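FYI, side chains are in, hydrogens and waters are out, and symmetry mates aren't considered; it's all heavy atoms of this structure. Letters A, B, ... mirror the listed sequences (proteins, then strands); counts begin at 1. Not measured: the values here are computed from a predicted model.
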There are 2 protein chains.
Amino acid sequence: MARRRWLDKDEQTAWRAYLLTTQLVDEALDRQLQRDAQMPHAYYGILVRLDEARRQPGEGTLRMTDLARGLRYSQSRLTHAITSMEGSGWVVRRDCPTDRRSQLVAITEQGVAALADAAPGHVAAVRSAVFDQLTAEQVTQLGAICAAIVRGFEPTVTPPG
Amino acid sequence: MARRRWLDKDEQTAWRAYLLTTQLVDEALDRQLQRDAQMPHAYYGILVRLDEARRQPGEGTLRMTDLARGLRYSQSRLTHAITSMEGSGWVVRRDCPTDRRSQLVAITEQGVAALADAAPGHVAAVRSAVFDQLTAEQVTQLGAICAAIVRGFEPTVTPPG
DNA sequence: TCGTCGTTGTTGAGCACTCAAGCACTCGGC
DNA sequence: GCCGAGTGCTTGAGTGCTCAACAACGACGA
(Lines give C-alpha, C1' and ligand atoms only; values in the text may rest on other atoms or scores of the structure.)
Protein backbone atom coordinates (compact mmCIF):
# COMPACT_ATOMS: atom_id res chain seq x y z
CA MET A 1 0.00 0.00 0.00
CA ALA A 2 0.97 3.58 -0.59
CA ARG A 3 0.59 4.71 3.00
CA ARG A 4 3.87 6.55 3.03
CA ARG A 5 2.96 8.80 0.12
CA TRP A 6 3.53 12.44 0.91
CA LEU A 7 1.20 15.29 0.11
CA ASP A 8 1.72 16.64 -3.39
CA LYS A 9 2.02 20.33 -4.10
CA ASP A 10 -1.70 21.05 -4.54
CA GLU A 11 -2.54 19.07 -1.45
CA GLN A 12 0.13 20.88 0.56
CA THR A 13 -1.23 24.24 -0.49
CA ALA A 14 -4.81 23.28 0.25
CA TRP A 15 -3.86 21.72 3.57
CA ARG A 16 -1.94 24.70 4.88
CA ALA A 17 -4.73 27.00 3.77
CA TYR A 18 -7.25 24.77 5.49
CA LEU A 19 -5.33 24.71 8.76
CA LEU A 20 -4.90 28.45 8.78
CA THR A 21 -8.55 28.98 7.90
CA THR A 22 -9.95 26.81 10.66
CA GLN A 23 -7.62 28.39 13.17
CA LEU A 24 -8.54 31.95 12.20
CA VAL A 25 -12.27 31.28 11.97
CA ASP A 26 -12.35 29.35 15.22
CA GLU A 27 -10.45 32.02 17.09
CA ALA A 28 -12.55 34.83 15.66
CA LEU A 29 -15.83 33.19 16.61
CA ASP A 30 -14.66 32.11 20.02
CA ARG A 31 -13.34 35.55 20.79
CA GLN A 32 -16.49 37.29 19.61
CA LEU A 33 -18.77 35.05 21.65
CA GLN A 34 -16.58 35.22 24.71
CA ARG A 35 -16.43 38.99 24.53
CA ASP A 36 -20.07 39.71 23.68
CA ALA A 37 -21.91 36.80 25.29
CA GLN A 38 -19.50 35.39 27.89
CA MET A 39 -19.66 31.90 26.42
CA PRO A 40 -17.33 29.74 24.38
CA HIS A 41 -18.39 28.61 20.94
CA ALA A 42 -19.11 25.09 22.14
CA TYR A 43 -21.66 26.33 24.65
CA TYR A 44 -23.44 28.27 21.93
CA GLY A 45 -23.85 25.05 19.99
CA ILE A 46 -25.30 23.32 23.03
CA LEU A 47 -27.80 26.12 23.56
CA VAL A 48 -28.84 25.94 19.91
CA ARG A 49 -29.55 22.22 20.20
CA LEU A 50 -31.49 22.61 23.40
CA ASP A 51 -33.45 25.51 21.96
CA GLU A 52 -34.37 23.39 18.95
CA ALA A 53 -35.48 20.61 21.29
CA ARG A 54 -37.61 23.09 23.18
CA ARG A 55 -39.50 23.99 20.00
CA GLN A 56 -40.29 20.36 19.31
CA PRO A 57 -43.55 18.90 20.56
CA GLY A 58 -43.11 16.93 23.75
CA GLU A 59 -40.85 17.38 26.72
CA GLY A 60 -38.44 19.85 25.22
CA THR A 61 -35.61 18.06 26.94
CA LEU A 62 -32.74 15.88 25.80
CA ARG A 63 -30.90 13.08 27.49
CA MET A 64 -27.22 13.87 28.09
CA THR A 65 -26.21 10.98 25.89
CA ASP A 66 -28.43 12.00 23.00
CA LEU A 67 -27.20 15.56 23.20
CA ALA A 68 -23.61 14.39 23.27
CA ARG A 69 -24.13 12.12 20.30
CA GLY A 70 -25.86 14.84 18.32
CA LEU A 71 -23.00 17.24 18.88
CA ARG A 72 -20.37 14.51 18.70
CA TYR A 73 -19.01 15.53 22.05
CA SER A 74 -17.62 13.12 24.59
CA GLN A 75 -19.84 12.41 27.59
CA SER A 76 -17.21 13.92 29.83
CA ARG A 77 -16.99 17.10 27.82
CA LEU A 78 -20.74 17.52 27.93
CA THR A 79 -20.92 16.84 31.66
CA HIS A 80 -18.34 19.53 32.35
CA ALA A 81 -20.05 21.95 29.98
CA ILE A 82 -23.55 21.39 31.37
CA THR A 83 -22.26 21.75 34.91
CA SER A 84 -20.79 25.09 34.03
CA MET A 85 -23.84 26.21 32.08
CA GLU A 86 -26.11 25.20 34.94
CA GLY A 87 -24.05 27.53 37.08
CA SER A 88 -24.80 30.32 34.64
CA GLY A 89 -28.50 29.53 34.85
CA TRP A 90 -28.81 28.68 31.16
CA VAL A 91 -29.81 25.03 31.53
CA VAL A 92 -31.26 22.70 34.15
CA ARG A 93 -30.81 19.00 34.80
CA ARG A 94 -33.72 16.72 35.67
CA ASP A 95 -33.90 13.08 36.57
CA CYS A 96 -35.25 10.87 33.82
CA PRO A 97 -38.51 9.25 34.94
CA THR A 98 -38.00 6.07 32.91
CA ASP A 99 -34.27 5.42 33.39
CA ARG A 100 -32.63 6.43 36.61
CA ARG A 101 -29.20 6.43 35.05
CA SER A 102 -30.13 9.13 32.59
CA GLN A 103 -30.23 12.86 33.06
CA LEU A 104 -32.47 15.14 31.06
CA VAL A 105 -31.31 18.63 30.18
CA ALA A 106 -33.49 21.58 29.28
CA ILE A 107 -32.76 25.16 28.35
CA THR A 108 -34.10 27.77 30.78
CA GLU A 109 -35.77 31.08 30.02
CA GLN A 110 -32.47 32.68 30.90
CA GLY A 111 -30.74 30.39 28.44
CA VAL A 112 -33.19 31.28 25.70
CA ALA A 113 -32.57 34.94 26.42
CA ALA A 114 -28.80 34.50 26.39
CA LEU A 115 -29.01 32.71 23.06
CA ALA A 116 -31.27 35.37 21.59
CA ASP A 117 -28.81 38.00 22.74
CA ALA A 118 -25.82 36.18 21.34
CA ALA A 119 -27.23 35.08 18.01
CA PRO A 120 -27.20 38.28 15.94
CA GLY A 121 -23.60 39.12 16.74
CA HIS A 122 -22.52 35.55 16.20
CA VAL A 123 -24.24 35.26 12.85
CA ALA A 124 -22.71 38.55 11.80
CA ALA A 125 -19.28 37.21 12.75
CA VAL A 126 -19.86 34.00 10.78
CA ARG A 127 -20.97 36.04 7.82
CA SER A 128 -18.07 38.41 7.85
CA ALA A 129 -15.50 35.67 8.41
CA VAL A 130 -16.84 33.13 5.94
CA PHE A 131 -19.82 33.80 3.73
CA ASP A 132 -18.96 37.36 2.79
CA GLN A 133 -15.74 36.00 1.31
CA LEU A 134 -17.33 33.28 -0.82
CA THR A 135 -19.44 33.10 -3.95
CA ALA A 136 -22.70 31.17 -3.90
CA GLU A 137 -20.99 28.48 -5.93
CA GLN A 138 -18.20 28.20 -3.38
CA VAL A 139 -20.72 27.84 -0.58
CA THR A 140 -22.19 24.86 -2.41
CA GLN A 141 -18.74 23.43 -3.01
CA LEU A 142 -17.80 23.87 0.64
CA GLY A 143 -20.95 22.06 1.69
CA ALA A 144 -20.18 19.15 -0.61
CA ILE A 145 -16.55 18.95 0.47
CA CYS A 146 -17.41 18.94 4.15
CA ALA A 147 -20.18 16.41 3.65
CA ALA A 148 -17.68 14.11 1.93
CA ILE A 149 -15.19 14.44 4.77
CA VAL A 150 -17.87 13.85 7.40
CA ARG A 151 -19.00 10.77 5.50
CA GLY A 152 -15.48 9.40 5.82
CA PHE A 153 -15.88 9.41 9.59
CA GLU A 154 -19.16 7.54 9.57
CA PRO A 155 -18.80 3.95 10.75
CA THR A 156 -18.64 1.75 7.69
CA VAL A 157 -20.41 -1.58 7.84
CA THR A 158 -17.82 -4.24 7.21
CA PRO A 159 -19.24 -6.56 4.55
CA PRO A 160 -19.81 -10.16 5.60
CA GLY A 161 -17.33 -12.77 4.48
CA MET B 1 -27.14 47.67 6.30
CA ALA B 2 -28.29 44.08 6.26
CA ARG B 3 -26.28 43.02 9.29
CA ARG B 4 -29.20 41.17 10.84
CA ARG B 5 -29.69 38.87 7.88
CA TRP B 6 -29.83 35.24 8.89
CA LEU B 7 -28.12 32.36 7.13
CA ASP B 8 -30.17 31.00 4.27
CA LYS B 9 -30.76 27.30 3.81
CA ASP B 10 -27.66 26.57 1.73
CA GLU B 11 -25.50 28.57 4.08
CA GLN B 12 -26.96 26.78 7.10
CA THR B 13 -26.23 23.41 5.57
CA ALA B 14 -22.71 24.36 4.58
CA TRP B 15 -22.03 25.96 7.94
CA ARG B 16 -23.15 22.98 10.02
CA ALA B 17 -21.17 20.66 7.79
CA TYR B 18 -18.14 22.90 8.14
CA LEU B 19 -18.36 22.99 11.92
CA LEU B 20 -18.73 19.24 12.15
CA THR B 21 -15.89 18.71 9.71
CA THR B 22 -13.39 20.89 11.51
CA GLN B 23 -14.32 19.33 14.81
CA LEU B 24 -13.92 15.78 13.56
CA VAL B 25 -10.71 16.42 11.65
CA ASP B 26 -9.16 18.38 14.49
CA GLU B 27 -9.98 15.73 17.04
CA ALA B 28 -8.76 12.91 14.84
CA LEU B 29 -5.42 14.54 14.16
CA ASP B 30 -4.90 15.66 17.72
CA ARG B 31 -5.71 12.24 19.06
CA GLN B 32 -3.46 10.47 16.57
CA LEU B 33 -0.50 12.73 17.31
CA GLN B 34 -1.06 12.59 21.05
CA ARG B 35 -1.25 8.83 20.99
CA ASP B 36 1.59 8.09 18.58
CA ALA B 37 3.95 11.00 19.14
CA GLN B 38 2.99 12.44 22.53
CA MET B 39 2.46 15.91 21.15
CA PRO B 40 -0.54 18.07 20.37
CA HIS B 41 -1.15 19.16 16.81
CA ALA B 42 0.01 22.69 17.52
CA TYR B 43 3.45 21.46 18.60
CA TYR B 44 3.79 19.49 15.41
CA GLY B 45 3.27 22.70 13.46
CA ILE B 46 5.94 24.45 15.49
CA LEU B 47 8.41 21.65 14.85
CA VAL B 48 7.67 21.80 11.11
CA ARG B 49 8.43 25.52 11.03
CA LEU B 50 11.62 25.15 13.01
CA ASP B 51 12.70 22.24 10.85
CA GLU B 52 12.17 24.34 7.74
CA ALA B 53 14.20 27.12 9.29
CA ARG B 54 16.97 24.66 10.04
CA ARG B 55 17.21 23.74 6.35
CA GLN B 56 17.57 27.36 5.35
CA PRO B 57 21.06 28.84 4.98
CA GLY B 58 22.09 30.82 8.02
CA GLU B 59 21.44 30.41 11.70
CA GLY B 60 18.62 27.92 11.45
CA THR B 61 16.87 29.74 14.26
CA LEU B 62 13.80 31.91 14.52
CA ARG B 63 12.92 34.70 16.85
CA MET B 64 9.93 33.95 19.05
CA THR B 65 8.02 36.83 17.51
CA ASP B 66 8.69 35.77 13.94
CA LEU B 67 7.70 32.20 14.72
CA ALA B 68 4.51 33.39 16.39
CA ARG B 69 3.63 35.63 13.48
CA GLY B 70 4.27 32.88 10.95
CA LEU B 71 1.98 30.50 12.77
CA ARG B 72 -0.44 33.25 13.78
CA TYR B 73 -0.12 32.23 17.40
CA SER B 74 -0.22 34.67 20.27
CA GLN B 75 3.11 35.41 21.93
CA SER B 76 1.80 33.92 25.12
CA ARG B 77 0.69 30.71 23.46
CA LEU B 78 4.07 30.31 21.86
CA THR B 79 5.93 31.04 25.10
CA HIS B 80 3.97 28.33 26.89
CA ALA B 81 4.41 25.89 24.03
CA ILE B 82 8.15 26.47 23.68
CA THR B 83 8.61 26.15 27.44
CA SER B 84 6.92 22.78 27.34
CA MET B 85 8.76 21.65 24.22
CA GLU B 86 12.06 22.68 25.74
CA GLY B 87 11.21 20.36 28.61
CA SER B 88 10.77 17.56 26.11
CA GLY B 89 14.18 18.35 24.62
CA TRP B 90 12.76 19.16 21.18
CA VAL B 91 13.82 22.82 21.04
CA VAL B 92 16.27 25.18 22.70
CA ARG B 93 16.16 28.87 23.44
CA ARG B 94 19.11 31.14 22.87
CA ASP B 95 19.68 34.79 23.56
CA CYS B 96 19.66 36.98 20.50
CA PRO B 97 23.07 38.60 20.01
CA THR B 98 21.71 41.78 18.41
CA ASP B 99 18.61 42.43 20.51
CA ARG B 100 18.55 41.50 24.13
CA ARG B 101 14.76 41.49 24.24
CA SER B 102 14.53 38.75 21.67
CA GLN B 103 14.86 35.03 22.10
CA LEU B 104 15.94 32.69 19.34
CA VAL B 105 14.52 29.21 19.08
CA ALA B 106 16.06 26.24 17.33
CA ILE B 107 14.99 22.65 16.86
CA THR B 108 17.29 20.06 18.44
CA GLU B 109 18.44 16.73 17.04
CA GLN B 110 15.89 15.14 19.34
CA GLY B 111 13.24 17.42 17.91
CA VAL B 112 14.19 16.49 14.36
CA ALA B 113 13.95 12.85 15.30
CA ALA B 114 10.58 13.29 16.98
CA LEU B 115 9.27 15.06 13.91
CA ALA B 116 10.60 12.38 11.60
CA ASP B 117 8.93 9.75 13.76
CA ALA B 118 5.64 11.58 13.85
CA ALA B 119 5.38 12.67 10.24
CA PRO B 120 4.39 9.45 8.43
CA GLY B 121 1.57 8.61 10.79
CA HIS B 122 0.35 12.17 10.78
CA VAL B 123 0.36 12.45 7.00
CA ALA B 124 -1.49 9.15 6.79
CA ALA B 125 -4.10 10.50 9.17
CA VAL B 126 -4.49 13.69 7.14
CA ARG B 127 -4.85 11.64 4.01
CA SER B 128 -7.42 9.26 5.39
CA ALA B 129 -9.44 12.01 7.04
CA VAL B 130 -9.40 14.52 4.22
CA PHE B 131 -7.76 13.84 0.89
CA ASP B 132 -8.95 10.28 0.47
CA GLN B 133 -12.50 11.63 0.61
CA LEU B 134 -12.05 14.35 -2.02
CA THR B 135 -11.62 14.49 -5.76
CA ALA B 136 -8.69 16.43 -7.23
CA GLU B 137 -11.15 19.10 -8.27
CA GLN B 138 -12.47 19.40 -4.74
CA VAL B 139 -8.94 19.79 -3.41
CA THR B 140 -8.47 22.74 -5.74
CA GLN B 141 -11.83 24.17 -4.70
CA LEU B 142 -10.98 23.76 -1.02
CA GLY B 143 -7.71 25.58 -1.53
CA ALA B 144 -9.44 28.47 -3.24
CA ILE B 145 -12.17 28.67 -0.62
CA CYS B 146 -9.72 28.70 2.25
CA ALA B 147 -7.51 31.24 0.52
CA ALA B 148 -10.50 33.52 0.12
CA ILE B 149 -11.42 33.22 3.79
CA VAL B 150 -7.86 33.83 4.91
CA ARG B 151 -7.72 36.90 2.66
CA GLY B 152 -10.71 38.24 4.56
CA PHE B 153 -8.64 38.27 7.73
CA GLU B 154 -5.73 40.16 6.20
CA PRO B 155 -5.51 43.74 7.36
CA THR B 156 -7.06 45.92 4.69
CA VAL B 157 -5.41 49.20 3.94
CA THR B 158 -7.96 51.92 4.48
CA PRO B 159 -7.87 54.15 1.40
CA PRO B 160 -6.91 57.78 2.06
CA GLY B 161 -9.64 60.40 2.10
C1' DT C 1 21.11 62.32 29.21
C1' DC C 2 16.59 61.76 29.85
C1' DG C 3 11.79 60.57 29.16
C1' DT C 4 8.54 58.37 26.35
C1' DC C 5 6.77 55.05 23.50
C1' DG C 6 6.69 50.78 21.03
C1' DT C 7 8.51 46.03 21.04
C1' DT C 8 9.68 41.46 23.01
C1' DG C 9 8.84 38.02 25.99
C1' DT C 10 7.21 35.99 30.33
C1' DT C 11 4.02 35.05 34.10
C1' DG C 12 -0.05 33.32 36.55
C1' DA C 13 -4.88 32.86 37.06
C1' DG C 14 -8.81 30.98 34.96
C1' DC C 15 -10.98 27.83 31.93
C1' DA C 16 -12.33 24.05 28.65
C1' DC C 17 -10.95 19.95 27.24
C1' DT C 18 -9.01 14.85 27.44
C1' DC C 19 -8.28 10.61 29.56
C1' DA C 20 -8.78 7.00 32.85
C1' DA C 21 -11.30 5.53 36.57
C1' DG C 22 -15.34 4.72 39.00
C1' DC C 23 -20.34 4.64 40.57
C1' DA C 24 -25.12 3.55 39.75
C1' DC C 25 -28.28 1.65 37.13
C1' DT C 26 -30.63 -1.65 33.38
C1' DC C 27 -31.06 -5.73 30.90
C1' DG C 28 -30.89 -10.52 29.88
C1' DG C 29 -29.96 -15.30 30.96
C1' DC C 30 -29.82 -18.76 34.41
C1' DG D 1 -33.72 -13.93 42.74
C1' DC D 2 -29.09 -13.20 41.18
C1' DC D 3 -24.98 -12.45 38.56
C1' DG D 4 -22.52 -10.38 34.64
C1' DA D 5 -22.18 -7.36 30.81
C1' DG D 6 -23.40 -3.16 28.98
C1' DT D 7 -25.04 1.72 29.55
C1' DG D 8 -25.28 6.54 31.47
C1' DC D 9 -23.07 9.88 33.81
C1' DT D 10 -19.65 11.94 36.87
C1' DT D 11 -15.13 12.84 38.85
C1' DG D 12 -10.43 14.59 39.18
C1' DA D 13 -5.87 15.03 37.49
C1' DG D 14 -3.33 16.79 33.79
C1' DT D 15 -2.74 19.95 29.91
C1' DG D 16 -2.88 23.70 26.55
C1' DC D 17 -5.07 27.79 25.74
C1' DT D 18 -6.61 32.96 26.69
C1' DC D 19 -6.27 37.22 28.86
C1' DA D 20 -4.35 40.88 31.51
C1' DA D 21 -0.49 42.42 33.78
C1' DC D 22 4.16 43.07 33.86
C1' DA D 23 9.40 43.43 33.19
C1' DA D 24 13.06 44.43 30.24
C1' DC D 25 14.93 46.45 26.43
C1' DG D 26 15.42 49.51 21.98
C1' DA D 27 14.56 53.72 19.33
C1' DC D 28 14.17 58.42 19.06
C1' DG D 29 13.42 63.26 19.90
C1' DA D 30 14.14 67.16 23.21
Side-chain angles (χ1 to χ4, degrees), chain A residues 22-47 61-88 90-105, chain B residues 22-47 61-88 90-105:
Chain A
T22 58
Q23 178 183 328
L24 291 175
V25 170
D26 235 52
E27 278 177 21
L29 298 186
D30 237 340
R31 215 188 300 278
Q32 184 271 326
L33 275 174
Q34 198 69 61
R35 177 167 46 84
D36 297 344
Q38 289 75 51
M39 67 176 82
H41 192 190
Y43 289 14
Y44 183 89
I46 293 174
L47 286 182
T61 66
L62 285 175
R63 289 198 318 154
M64 290 286 283
T65 289
D66 295 334
L67 184 51
R69 278 207 262 267
L71 292 161
R72 318 249 184 152
Y73 286 178
S74 70
Q75 289 264 27
S76 173
R77 179 179 185 182
L78 188 63
T79 292
H80 285 303
I82 292 295
T83 300
S84 163
M85 293 171 75
E86 206 170 13
S88 303
W90 294 335
V91 301
V92 283
R93 273 188 247 241
R94 290 187 211 142
D95 290 343
C96 175
T98 65
D99 187 336
R100 289 202 295 170
R101 291 169 302 180
S102 300
Q103 288 282 99
L104 301 177
V105 197
Chain B
T22 59
Q23 178 182 330
L24 291 175
V25 170
D26 235 53
E27 278 177 20
L29 299 186
D30 236 339
R31 215 188 300 278
Q32 184 271 327
L33 275 173
Q34 198 69 61
R35 177 168 46 82
D36 298 343
Q38 289 73 52
M39 66 177 81
H41 193 190
Y43 291 14
Y44 183 89
I46 293 174
L47 286 181
T61 65
L62 284 175
R63 290 196 318 153
M64 291 286 283
T65 290
D66 295 334
L67 184 51
R69 279 207 261 266
L71 291 161
R72 319 247 186 155
Y73 286 178
S74 70
Q75 289 264 29
S76 172
R77 179 179 185 181
L78 188 63
T79 292
H80 285 303
I82 292 295
T83 300
S84 163
M85 295 172 73
E86 206 170 13
S88 303
W90 293 335
V91 300
V92 284
R93 274 187 246 240
R94 290 187 213 141
D95 291 343
C96 176
T98 64
D99 187 337
R100 290 201 296 168
R101 290 169 303 179
S102 299
Q103 288 280 100
L104 301 177
V105 197

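Proximity of Arg100(A) to the phosphate of dG8(D): no side-chain N or O atom is located under 4.0 Å from OP1 or OP2. For Arg63(B) and dG9(C), the shortest distance from a side-chain N or O to OP1 or OP2 is not below 4.0 Å. Look at Ser74(A) and you'll find a side-chain N or O under 4.0 angstrom from OP1 or OP2 of dT18(C). Taking only side-chain nitrogens and oxygens, Tyr73(A) never comes nearer than 4.0 Å to OP1 or OP2 of dC17(C). In this model, the phosphate group of dG9(C) is not approached by any side-chain N or O of Arg93(B) to a distance below 4.0 Å at OP1 or OP2. In this structure, Arg31(B) reaches the dC19(C) phosphate: one of its side-chain N or O atoms is under 4.0 Å from OP1 or OP2.
If you take CG of Leu62(A) and C1' of dG8(D), they are 15 Å apart, rounded to a whole angstrom. Going from atom CD of Gln103(B) over to atom P of dC25(D) covers 12 Å, rounded to whole Å. We find that CG of Leu33(A) is positioned 16 Å from C1' of dC15(C), with the value rounded to whole Å. dT10(C) atom P lies 12 Å from atom CG of Leu67(B), rounded to whole Å. Between Asp26(A) atom CG and dT18(D) atom C1' the separation is 14 Å, expressed in whole Å. Rounded to an integer number of Å, the gap from CD of Gln75(B) to P of dG16(D) is 19 Å. Regarding Arg69(A), its CZ atom lies at a distance of 12 Å from the C1' atom of dC9(D), rounded to whole Å. Nucleotide dT15(D) holds its C1' atom 13 Å from the CZ atom of Arg77(B), rounded to whole Å.
A donor-acceptor contact shorter than 3.5 Å links the side chain of Gln23(A) to the backbone of Arg72(B). At least one donor-acceptor pair under 3.5 Å links the side chain of Thr83(A) to the backbone N or O of Thr79(A).
Thr79(B) comes within 4.0 angstrom of a base, heavy atoms only. Among the heavy atoms of the strands lying under 4.0 Å from Ser76(A) is at least one base atom, whether or not backbone atoms are also near.
Between Tyr43(B) and Ser84(B) the shortest side-chain heavy-atom distance falls below 4.5 Å. A 4.5 Å side-chain heavy-atom check between Met85(A) and Leu47(A) finds at least one atom pair inside the cut-off.
In the set dT18(D), dC19(C), dT26(C), dT26(C) carries the atom at the smallest distance from any side-chain atom of Asp99(A). For Met64(B), counting side-chain heavy atoms from C-beta on, the closest listed nucleotide (dC9(D), dT10(C), dG6(D)) is dT10(C). Nearest to the side chain of Pro40(A), among dG9(C), dC19(C), dA16(C), sits dA16(C). The listed nucleotides are dT18(C), dC17(C), dC19(D); the one nearest the side chain of Glu27(B) is dT18(C).
Between Tyr43(A) and Thr98(A), the residue anchored nearer the 5' end of DNA chain C, judged by the nucleotide with its closest heavy atom, is Tyr43(A). Residue-to-nucleotide proximity on DNA chain C shows that, of Arg101(A) and His80(B), the 5′-proximal contact is made by His80(B).
In the model, Asp30(A) has no side-chain atom that pairs as donor or acceptor with a side-chain atom of Gln34(A) under 3.5 Å.
Summarising the local packing, CZ of Arg94(B) is surrounded by 12 or fewer heavy atoms from other residues, nucleotides or ligands at distances under 6.0 Å.
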